[in-house]
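Here is the structure we will look at, set down as structure tokens.
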Amino acid sequence: MSGMTLSPRHDDAWLVIPLFNEATVIERVVRDAREVFPHVVCVDDASQDGSAELAEAAGAVVVRHPFNLGQGAALQTGMRYALEATDAAYLVTFDADGQHQVQDAEAMVCRAKEEDLAVVFGSRFLDDRTRPGWVKKIVLKAAVWLTNQQTGMRLTDAHNGLRVIRRDAASALDLRQNRMAHATEIVLQLGRTGLPWAEHPVHVLYTDYSRRKGQSLINSVNILVDTLLK
Amino acid sequence: MLDQPLIKIVLLVAIVVITLMLNRSTAGSRHQAVRRLLLVGFVLLAAAAVLFPRLLTQVAQALGVGRGADLLLYGLTVFFLGYVASSYRRMRQVEQQVTTLARELALRQAVHDRREHGDGPAG
Ligand SMILES: Nc1nc2c(ncn2[C@@H]2O[C@H](COP(=O)(O)OP(=O)(O)OP(=O)(O)O)[C@@H](O)[C@H]2O)c(=O)[nH]1
Ligand SMILES: [Mg+2]
């Protein structure tokens, strides 16, 4: 990953961040990200802890859903914003909870440009930096298997929120899964475009904060049902 | 498996059809019409069952179920499952509409705010 520091700011990419009750970390996450990606849009889903104002203070554009619609709906809204209100060439979906590394996102954008890829999926299972804990790992692996069955793609990670999507590929997206089951849908719809894609190793940080806030084991039942019933 | 074969087939087919309904793409007015016809049919059947209890028992026996009351219970179960399936689909539809509406509002507001505060569309 050397030689990428020549142009530290990526003006042609927009970070799309689904945001829900992350007041503790969101300001920091947006500020750190803006060192590299000056353009950030956060889609706030009726957070009740002032997350939206904090994101705004850190320099992000904030689109506010009037009530909670879910992460998938927020991603679709954020991508619509980037496509219609800006001339972004690349969209980067990024989590608000501080689990993703800005350097990973940067490397993925560079790779998309260098290799002329329309989509770069982040994968936490291409190397062994990410330590999700074994229960989570089993659930995630099961999700990967199911996603591959449903989409005919061969991914190593499925529910990873870090992705780089070029404008043409993003325009083809129409996510109808409002909650967490959009992860399979996004892979399916991107795969159907037939545009070139790749996976890129990323480090997903599991801190006490992210573990407390993240997806509970029981909610994977909901994700599974949503995924199967469409 | 060998006793009451006919009713088992009927009920299983009904359950499969309901499951398929869950996955089918939306079909607006036709779907609604079918639902209403089914409801009318159901009402007529219920009335017939009340008026001619013997008839119910006869139908039940023809289908291989012992008593009319059992047939009623089976029918009700299937009807209820169908109701659950169709209201699930309705709910998904309404949810989709609400989402579209909320998204449109949110986007308009965001674009408007940016114009007001003068930093124009960047990117
Ligand atoms: N807009 C919006 N964002 C959400 C919602 N739920 C979660 N998010 C955001 O989505 C991102 C990821 O959410 P998590 O709950 O951590 O899900 P995850 O990272 O897939 O799961 P973990 O591996 O358990 O952390 C974070 O940026 C959250 O703020 C929601 O209902 N609406
Ligand atoms: Mg998380």
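Because only heavy atoms are used, hydrogens play no part in the values below, and waters and symmetry mates are left out as well, while side chains stay in. A note on names: the letters A, B, ... follow the listed sequences, proteins ahead of strands, and every chain is numbered from 1.
- Residue A:Ile218 qualifies as open at atom CD1: its count of foreign heavy atoms under 6.0 Å is 12 or below.
- Using a 4.5 Å cut-off between heavy atoms, A:Val62 touches chain B through its backbone atoms (N, CA, C, O) alone.
- In this structure, A:Arg176 CZ and B:Gln96 CD are separated by 4.0 Å, a value rounded to the nearest 0.5 Å.
- The heavy-atom pair separating A:Val63 from B:Ala110 by the smallest distance is CG2-CB, 3.8 Å.
- The neighbour count for A:Gln48 CD, taken as heavy atoms of other residues, nucleotides or ligands under 6.0 Å away, does not exceed 12.
- Under the side-chain contact (heavy atoms from CB on, under 4.5 Å) criterion, B:Gln97 pairs with B:Val94, not counting sequence neighbours.
- Within the model, atoms CZ of B:Arg92 and CD of A:Gln177 stand 5.0 Å from one another, a figure rounded to the nearest 0.5 Å.
- Distance CG/B:Leu107 to NE2/A:His65: 7.0 Å, rounded to 0.5 Å.
- Within 6.0 Å of the CZ atom in B:Arg90, the count of heavy atoms belonging to other residues, nucleotides or ligands does not exceed 12.
- Between B:Glu104 and A:Arg80, at least one side-chain nitrogen of the basic residue sits less than 4.0 Å from a carboxylate oxygen of the acidic one, meeting the salt-bridge criterion.
- Expressed to the nearest 0.5 Å, how far OG1 of B:Thr99 lies from CG of A:Leu175 amounts to 11.5 Å.
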